[in-house]
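Below: the structure, in structure tokens.
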Amino acid sequence: MSHGASLWVKIPNVSIWYGLDRVPHNLEGAAVTIGVFDGVHRGHQELINRAVAKAKELGVPAVMFTFDPHPTVVFQPESVPKLLGTVEERAQLAMDLGIDHVVVQAFTPEIASWSPEEYIDRALLDTLRAKHVVVGENFTFGHKASGTPDTLREVSQNRDFTVDVVPLLSEDNHTVCSTWIRQRIAEGDMTAAAEALGRPFSVEGVVTHGAGRGGRALGFPTANLYFPDIYALPSDGVYAGYLEILPNQAELSHQRLSDKVGTMPVGAKLPAAISVGTNPTFGHEPRSVESFVLDHEADLYDFEVRVSFVSRIRGQEKYDSLDELIAAIDRDVAATRKAVLG
């Protein structure tokens, strides 16, 4: 779903407002945390946890104020980072931590031109009615990123809100940040990425038709996902992980979503051997994420699924024959079984 699809979206227990102009005028106060929150990693989670705790103390909603597209689209369009997930996934993760509302603001040259004081007055006070603001110590805002946490503290002295500045999360000689996580994912280091995220890295999408040879020619039917190039994916290769049929999705035209699809329980994390790449054995095809679910069968076309990556098994390889490829997949399935089932 793109942010242009709707002006207001309801995920269970959380609302998303696409634009500051869509925030209800009757909002009487909020504890607000601000940032891109790409990936909602463990550092982001601390910001959210503090905002949620303060919201409960003040008796107001907890609000996450985030941006889509990424602000570098305005500042450095030639170096926009790959995203660790969609804005809806970001909102769902925030909801799981207790956020009540998510404001998704398009970062535009107009907003980038606001002075720090204008940003505080227009966004935080006049619109979100912020009583408390939580930011990271590296947070910047306003024209030419001239606003800092110190600016927030100074302005708060003459306004009716308080400020909480959270130190960056550092461990093992690195700062836990979205950039570091992207690098680990690009290298296929899913263990390090999971440690920083606080959960395995995952992607979500609707299963679509691929070349169709997985079950027919190889004996390993796969659920195929394709993603726009703006999203981060692990480096090409084979991974052990899980596939989950997401609950609460709309009823499909050809099959009613129930407790199971085929033999696959809805909402269960099912062990899967996952291939990321372009299928060089058959000629380079569009890059895809293809999951073979162990010990289950189902027609997953048009179902929305989540694929989680646990560990890398091997890199992408080209084989001279189908027999060689099938033998390699057999080894991948055995390695997956050992990695996720022990």
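The structure displayed is predicted, hence computed values, not measured ones.
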Residue set satisfying salt bridge (Lys or Arg N to Asp or Glu O under 4.0 Å) with Glu118, at least two apart, ordered chain then number -> Arg122
Between [Y] and [X], do the side chains contain a donor N or O and an acceptor N or O under 3.5 Å apart?
X: Arg312; Y: Thr191; value: no
X: Ser288; Y: Glu290; value: yes
X: Thr263; Y: His296; value: yes
X: Thr66; Y: Arg90; value: yes
X: His132; Y: Thr162; value: yes
X: Thr222; Y: Asn224; value: yes

May I ask you to check if Arg182 and Trp180 form a cation-pi contact, with NZ or CZ under 6.0 angstrom from the six-membered ring centre and within 45° of the axis?
no
Any salt bridge linking Arg50 with Glu46? Criterion: basic side-chain nitrogen under 4.0 Å from a carboxylate oxygen.
yes
Identify whether the distance between the nearest side-chain nitrogen and carboxylate oxygen of Lys54 and Asp164 falls below 4.0 Å.
no
Quick one: hydrophobic cluster around Val238, which other residues, with the 4.5 Å side-chain cut-off, linked directly or via members?
Ile313
Quick check on the hydrophobic clustering: are Val102 and Leu97 connected, directly or via other members, by side-chain heavy-atom contacts under 4.5 Å?
yes
Under 4.5 Å between side-chain heavy atoms, counting indirect links through other Ile/Leu/Val/Met/Phe/Trp/Tyr residues: same cluster for Leu300 and Leu225 or not?
yes
Over 60° means perpendicular and under 30° means parallel, so tell me whether Phe65 and Phe67 are parallel, tilted or perpendicular.
tilted
How are the rings of Phe141 and Tyr119 set to each other: parallel, tilted or perpendicular (split at 30° and 60°)?
tilted
Counting only pairs under 3.5 Å, give me each side-chain donor-acceptor contact of residues 332-342, with atom names and distances, residues two or more places apart or in other chains.
| unit_1 | atom_1 | unit_2 | atom_2 | d |
| --- | --- | --- | --- | --- |
| Asp332 | OD1 | Arg314 | NE | 2.9 |
| Asp332 | OD2 | Arg314 | NE | 3.2 |
| Asp332 | OD2 | Arg314 | NH2 | 2.7 |
| Thr336 | OG1 | Asp332 | O | 2.9 |
| Arg337 | NH1 | Asp295 | OD2 | 2.9 |
| Arg337 | NH2 | Asp295 | OD1 | 3.3 |

If you count the non-hydrogen atoms of other residues, nucleotides and ligands that lie under 6.0 Å from CD in Glu187, is the total more than 12?
yes
Does atom CG (Asp229) have a neighbourhood of more than 12 heavy atoms from anything else shown, all under 6.0 Å?
no
Would you sort out whether Val23 and Val103 count as a side-chain contact (heavy atoms from CB on, under 4.5 Å), showing the intermediate values?
CA-CA 8 Å; Val23 176; Val103 179; 3.9 Å; yes
